[in-house]
Amino acid sequence: MPENVNPKDLLELAVRLADEAGRLLVQERPRDLGIADTKSSPTDIVTVMDQRSEKLIVEGILAERPDDAILGEEGSDRQGTSGVRWVIDPIDGTVNYLYEIPLWGVSIGVEVDGVTVAGVVEIPMLRETFTALRGDGAYRNGEAIRAYSAQSEGKPVPLERALIATGFGYAAQRRAVQGEIVADLLPRVRDIRRGGSAALDLCSVACGRVDGYFERGAKPWDLSAGALIAQEAGAKVGGLHGAAASDEMTVAAAEGLFEALCGFLEGHDAARDS
Ligand code: LIP
């Protein structure tokens, strides 16, 4: 661990900044909030509040830790010398935020020498704060959580009894393929949930609100904190064919279901766009 780096202190700063950003997003949301810009497609939107939230978090980090690196969804991409990197999604679930659907959050992951050691997902409208420190478990509002849904009784959930969360990309071609795969998965599972935020979906796996999650196209800022929280809650988080989780494909579920879900997705060659 590099000098003056204590994961507990990093988490404390992340939690404070996520809380401040969450308050800003709730209290200062303009009545007539509109779309400030679009990114990878006309439906991949950004609002002024995404930009204001990222600015608040970046300024808060640099005030305390000026030598750290920062990667943020809305353009922050700063090198550092400390070995510490912050991975920020100022609003994960931006479309939900725009439509006033309460399923959005502020996600901050902290890496040391490339390994995520701390993470927070702040979900203001649900009054939930999910946190994790590597090796120290996962928590929701300070209470320990486990990646097992109540009805699983801690046993692996078979695919046909699993509640699965997933997400779709912003490009029409990719959505067409994702729709085909979900259409084939539907008769093989309990049901599907499309929440609109990878960070919230990973937290839902971590507390057993869903049994599993998969998505092609989730970015480092969507995954950083949520993946650590799900892992520290006992879930497996990875990609297909034994790969690490990435925008190629991310799968998260407790042991047994993780393998079954990967098997289904590998069988459909799901990491494709045509
Ligand atoms: C969202 C992801 C979600 C995905 C959405 C979107 P954003 O991130 O968290 O999983 O399905 O299409 O990419 O753009 O709200 O930060």
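All figures in this text were calculated on a predicted structure; none of them were measured in a lab. We number each residue from 1, following the sequence as shown.
Distance alone, capped at 3.5 Å, places no donor-acceptor pair between the Asp136 side chain and the Leu133 backbone. Listed for the Tyr97 side chain is a donor-acceptor partner under 3.5 Å among the backbone atoms of Leu25. A donor-acceptor pair is defined here as one N or O able to donate and one able to accept, closer than 3.5 Å; no such pair exists between the side chain of Arg209 and the backbone of Cys203. Side-chain atoms of Arg272 come within 3.5 Å of backbone N or O of His268 as a donor-acceptor pair. With Glu54 contributing its side chain and Gln51 its backbone, the two residues share no donor-acceptor pair below 3.5 Å. Counting only distance, with no hydrogens or angles, the side chain of Ser53 and the backbone of Asp50 share no donor-acceptor pair below 3.5 Å. Checked by atom type and distance alone, the side chain of Arg175 pairs as donor or acceptor with a backbone atom of Gly169 at under 3.5 Å. With Arg190 contributing its side chain and Arg161 its backbone, the two residues share a donor-acceptor pair below 3.5 Å. No donor-acceptor distance shorter than 3.5 angstrom exists from the side chain of Ser224 to the backbone of Pro220, with no hydrogens or angles considered.
Under a hydrophobic clustering in which Ile, Leu, Val, Met, Phe, Trp and Tyr are joined whenever their side-chain heavy atoms come within less than 4.5 Å, directly or via other members, Leu159 and Leu240 fall into the same cluster. With hydrophobic clusters built from ILVMFWY side chains whose heavy atoms lie under 4.5 angstrom apart, Leu71 does not share a cluster with Val120. Note on Trp221: it does not cluster hydrophobically with Leu56, by side-chain heavy-atom contacts below 4.5 Å among ILVMFWY residues. Clustering ILVMFWY residues whenever any of their side-chain heavy atoms sit less than 4.5 angstrom apart, transitively, puts Val46 in a cluster other than the one holding Tyr170. Using a 4.5 Å cut-off between side-chain heavy atoms of Ile, Leu, Val, Met, Phe, Trp and Tyr, with links allowed through other members, Ile123 and Ile145 fall into the same hydrophobic cluster.
Pairing each heavy atom of Val237 with each of Ala252, the nearest pair is CG2-CB, 4.0 Å. The minimum heavy-atom distance linking Gln178 with Phe168 is given by the pair OE1-CA, 3.2 Å. Taking each heavy atom of Leu228 and Thr116 in turn, the nearest pair found is CD1-O, 3.9 Å. For the residue pair Gly119 and Leu11, the shortest heavy atom distance occurs at O-CD1, 3.5 Å. Across Gly196 and Asn96, no two heavy atoms sit closer than the pair CA-ND2, 3.8 Å. In terms of heavy-atom proximity, Ala14 sits nearest to Val110 at CB-CG2, 4.3 Å.
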Worksheet item: After noting the C-alpha distance and the side-chain angles of Asp67 and Arg65, does the key distance pass the salt bridge (Lys or Arg N to Asp or Glu O under 4.0 Å) rule?
Response: CA-CA 6 Å; Asp67 303 329; Arg65 301 192 52 87; over 6 Å; no
Item to complete: Decide side-chain contact (heavy atoms from CB on, under 4.5 Å) for Ile164 and Asp191; before the verdict, give the C-alpha distance in whole Å, the side-chain angles of both, and the deciding distance to 0.1 Å.
Response: CA-CA 6 Å; Ile164 302 291; Asp191 206 348; over 6 Å; no
Fill in: CA sep, side-chain torsions, deciding dist, call: Phe214, Thr250, side-chain contact (heavy atoms from CB on, under 4.5 Å)
CA-CA 5 Å; Phe214 74 95; Thr250 296; over 6 Å; no
Fill in: side-chain contact (heavy atoms from CB on, under 4.5 Å) between Val15 and Thr131, intermediate numbers included
CA-CA 8 Å; Val15 167; Thr131 57; 3.8 Å; yes
Item to complete: Evaluate the side-chain contact (heavy atoms from CB on, under 4.5 Å) criterion for residues Glu64 and Arg16: first the C-alpha distance (whole Å), next the side-chain angles of each, then the deciding distance (0.1 Å), finally the verdict.
Response: CA-CA 12 Å; Glu64 305 259 340; Arg16 178 161 61 78; 3.0 Å; yes
Worksheet item: Checking side chain to side chain donor-acceptor pair (under 3.5 Å) for the pair Thr129/Glu122: CA distance, chi angles, key distance, verdict?
Response: CA-CA 5 Å; Thr129 304; Glu122 174 70 22; 2.6 Å; yes
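Between the CD1 atom of Ile57 and the CD1 atom of Ile70 there is a distance of 10.0 Å, given to the nearest 0.5 Å. Here the straight-line distance linking atom CD of Glu180 with atom CG of Leu185 works out to 13.5 Å at 0.5 Å rounding. The line from CG of Leu17 to CD1 of Ile88 is 8.5 Å long, rounded to the nearest 0.5 Å. The distance from atom CG of Asp89 to atom CD1 of Ile108, rounded to the nearest 0.5 Å, is 10.0 Å. The structure places CD of Glu128 at 6.5 Å from SG of Cys207, a figure rounded to the nearest 0.5 Å. To the nearest 0.5 Å, atoms CD1 (Ile181) and CG (Leu265) are separated by 7.0 Å.
Within the 4.5 Å cutoff, the side chain of Leu202 has no heavy atoms near those of the Ile229 side chain. Side-chain contact check for Thr94 versus Leu98: every heavy-atom pair is 4.5 Å or farther apart. Side chains of Pro124 and Val26 form a contact here, defined as non-hydrogen atoms less than 4.5 Å apart. The closest side-chain heavy-atom distance from Met49 to Pro30 is below 4.5 Å. Between Arg216 and Asp273 there is a side-chain heavy-atom pair separated by less than 4.5 Å. Side-chain contact between Glu73 and Lys39: present, with at least one pair of heavy atoms (C-beta onward) separated by less than 4.5 Å. The closest side-chain heavy-atom distance from Val106 to Val121 is not below 4.5 Å. Side-chain contact between Glu232 and Tyr139 is absent, with no heavy atoms from C-beta onward closer than 4.5 Å.
Using a cutoff of 4.0 Å between basic side-chain nitrogens and carboxylate oxygens, Glu28 and Arg23 are not scored as salt-bridged. Note on Glu74 versus Arg52: no salt bridge recorded, every NZ/NE/NH1/NH2 to OD/OE distance being 4.0 Å or above.
Side-chain atoms of Asp68 and Trp86 form a donor-acceptor pair, as typed in the model, at a separation below 3.5 Å. Side-chain contact of Ser107 with Asp92: a donor-acceptor pair under 3.5 Å is absent, judged by distance alone. Residues Ser274 and Gln173 bring no donor and acceptor atom of their side chains to less than 3.5 Å of each other. Using a 3.5 Å distance cut-off with no hydrogens or angles, the side chains of Thr38 and Asp44 do not pair a donor with an acceptor.
Within 6.0 Å of atom CD in Glu143, 12 or fewer heavy atoms from other residues, nucleotides or ligands are found, so the atom counts as exposed in its surroundings. Counting non-hydrogen atoms of other residues, nucleotides and ligands closer than 6.0 Å to CZ of Arg29 gives a total above 12. The environment of Glu12 atom CD is sparse: at most 12 non-hydrogen atoms of other residues, nucleotides or ligands sit within 6.0 angstrom.
With Phe264 as the aromatic partner, Arg188 does not meet the cation-pi criteria of under 6.0 angstrom to the ring centre and within 45 degrees of the ring axis.
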